[in-house]
Amino acid sequence: MKFVLEHLSKSFEKKEVLRDISFAFEEGKIYGLLGRNGAGKTTLFNCLNRDLKVDSGTFYIEQANGIRCEVAANDIGYVLSTPTVPEFLTGREFLKFFIDINEKSIGNPKRIDEYFDYMRIETEDRDKLLKDYSHGMKNKMQMLINIIAQPNILLLDEPLTALDVVVAEEMKQLLRSLKKDCIIIFSTHIMDLALDLCDEIVLLNHGELEVVEKTDLDNQEFKDKIIAAFREEENE
């Protein structure tokens, strides 16, 4: 399976954020979408999730047999940088509600406590209101519902930036275990995180996507070149 983008463009007034982007993401890989803050990573994700309408271009799923399929709503999971959960529900109520409304599309659902165990959410936290969860725990819940939904494409918008070291490491291990069955696109502005977690690095700069060899990112001269490009874009 491939997730193919063809000639995507998006502008806001006179600011061209995405410039004729074409790219093919492949199943079984974690892609690091690397770019400075404000480079357009979230805009790209919002377009792929259809929260924003592109100005031009298209995207689709290409199956192994070459058949092209339109991207359906349940093909994409989207984990926001700032977790969005219904804070008036408990963790258990939220999971039950999500499973109930998606029962036709979830294959072989587990018991709710099995999901909590999988995400290492402690027993005493499972019946707390979500408003009392930490940022990291809310992030885990947001990730969990996407795991339950089993999307073909998982978009992660800076999901580890605000997490403590232990939770961030748990999430990285989780993502590595998930990648064999889907396409994961992980946005970040932190080069070392991209190197550690991702199979391929894609640079979003001046509204365009460019594949970057991971060996290049280990080179300080190359890192300096990328930083200079980011600064140049920021000053435009």
Side-chain angles (χ1 to χ4, degrees), residues 30 32-33 37-38 41-52 71-179 181-190 193 196-198:
I30 301 176
L33 180 62
N37 287 330
K41 303 185 298 295
T42 299
T43 295
L44 175 59
F45 279 3
N46 285 337
C47 288
L48 299 179
N49 196 46
R50 293 196 173 93
D51 293 329
L52 285 176
V71 178
N74 61 2
D75 282 320
I76 290 188
Y78 189 5
V79 177
L80 306 171
S81 55
T82 301
T84 303
V85 294
E87 297 193 337
F88 57 90
L89 295 178
T90 66
R92 188 181 301 279
E93 289 169 341
F94 177 42
L95 281 192
K96 185 177 186 307
F97 173 75
F98 182 82
I99 293 168
D100 286 347
I101 64 173
N102 292 283
E103 60 180 347
K104 292 183 179 179
S105 60
I106 297 173
N108 301 316
K110 300 179 175 65
R111 292 185 302 106
I112 288 176
D113 281 303
E114 288 183 74
Y115 289 122
F116 280 127
D117 291 341
Y118 182 70
M119 294 302 288
R120 298 185 183 179
I121 294 176
E122 299 297 332
T123 302
E124 61 269 24
D125 293 324
R126 301 176 184 184
D127 293 294
K128 284 183 180 178
L129 290 173
L130 291 172
K131 73 179 182 66
D132 296 324
Y133 276 28
S134 67
H135 180 98
M137 288 171 62
K138 289 177 182 178
N139 197 290
K140 280 187 173 186
M141 293 298 291
Q142 189 178 220
M143 183 73 77
L144 181 53
I145 61 171
N146 280 282
I147 292 169
I148 294 170
Q150 297 180 316
N152 288 315
I153 302 150
L154 186 56
L155 308 177
L156 307 173
D157 190 4
E158 303 271 7
L160 306 185
T161 304
L163 302 185
D164 65 50
V165 174
V166 174
V167 176
E169 191 58 38
E170 289 176 354
M171 296 295 276
K172 285 192 286 186
Q173 294 299 330
L174 174 63
L175 292 173
R176 292 184 183 109
S177 71
L178 293 175
K179 71 177 183 179
D181 296 317
C182 65
I183 295 166
I184 298 176
I185 309 174
F186 182 102
S187 86
T188 183
H189 62 280
I190 303 173
L193 177 58
D196 179 43
L197 178 63
C198 302

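- Here Lys96 pairs with Asp100 under the salt bridge (charged side-chain N to carboxylate O under 4.0 Å, His left out) rule; sequence neighbours left out.
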- Using the side-chain contact (heavy atoms from CB on, under 4.5 Å) rule, take Ile147 and Tyr118 through it: C-alpha gap first, then chi angles, then the decisive distance, then the call. CA-CA 10 Å; Ile147 292 169; Tyr118 182 70; 4.0 Å; yes

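- Looking at heavy atoms from C-beta onward, Ile121 lies in side-chain contact with Arg126 at the 4.5 angstrom threshold.
- Ile76 places none of its side-chain heavy atoms less than 4.5 Å from the side chain of Pro151.
- Looking at every heavy atom in both residues, Arg50 comes nearest to Val71 through NH1-O, 2.7 Å.
- Between Asp125 and Arg120 there is no salt bridge, since no side-chain nitrogen of the basic residue lies less than 4.0 Å from a carboxylate oxygen of the acidic one.
- Of the possible polar contacts, one joining the Asp75 side chain to the Ala72 backbone as a donor-acceptor pair under 3.5 Å is found.
- Residues Leu95 and Met141 form a side-chain contact, since some pair of their non-hydrogen atoms from C-beta on lies under 4.5 Å apart.
- Taken from CD1 in Ile30 to CD1 in Ile184, the straight-line distance is 4.5 Å, to the nearest 0.5 Å.
- Closest non-hydrogen pair, Leu129 versus Glu87, comes out as CB-O, 4.0 Å.
- At most 12 non-hydrogen atoms from other residues, nucleotides or ligands lie less than 6.0 angstrom from CZ of Phe97.
- Here Lys179 contributes atom NZ and Leu197 contributes atom CG; the two are 8.5 Å apart, rounded to the nearest 0.5 Å.
- Here the NZ atom belonging to Lys41 is positioned 13.5 Å from the CG atom belonging to Leu156, to the nearest 0.5 angstrom.
- Looking only at side-chain heavy atoms (C-beta outward), Pro86 and Leu130 come within less than 4.5 Å of each other.
- You'll find the side chain of Glu170 reaches within 4.5 Å of the side chain of Lys140, heavy atoms only.
- Note: Gln173 CD to Leu175 CG = 9.5 Å, rounded to the nearest 0.5 Å.
- Side-chain atoms of Ile106 and Gln150, non-hydrogen and from C-beta on, never get closer than 4.5 Å to each other.
- The shortest side-chain heavy-atom distance between Leu33 and Phe45 falls under the 4.5 Å cut-off.
- The shortest non-hydrogen separation linking Gln142 to Pro83 is NE2-CA, 3.6 Å.
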- Item | Full working for side-chain contact (heavy atoms from CB on, under 4.5 Å) between Tyr133 and Val85 | CA-CA 10 Å; Tyr133 276 28; Val85 294; over 6 Å; no

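- Rounding to the nearest 0.5 Å gives a distance of 12.0 Å between CG of Asp117 and CD1 of Ile112.
- Here the side chains of Phe98 and Leu144 are not in contact, with every heavy-atom distance at 4.5 Å or above.
- Here the CD1 atom belonging to Ile185 is positioned 10.5 Å from the SG atom belonging to Cys198, to the nearest 0.5 angstrom.
- A side-chain donor from one of Ser187 and Asp157 sits under 3.5 Å from a side-chain acceptor of the other.
- Residue Tyr78 forms a side chain to side chain donor-acceptor pair (under 3.5 Å) with just one option from Asn46, Asn49, Asn146, Asp51, and that option is Asn46.
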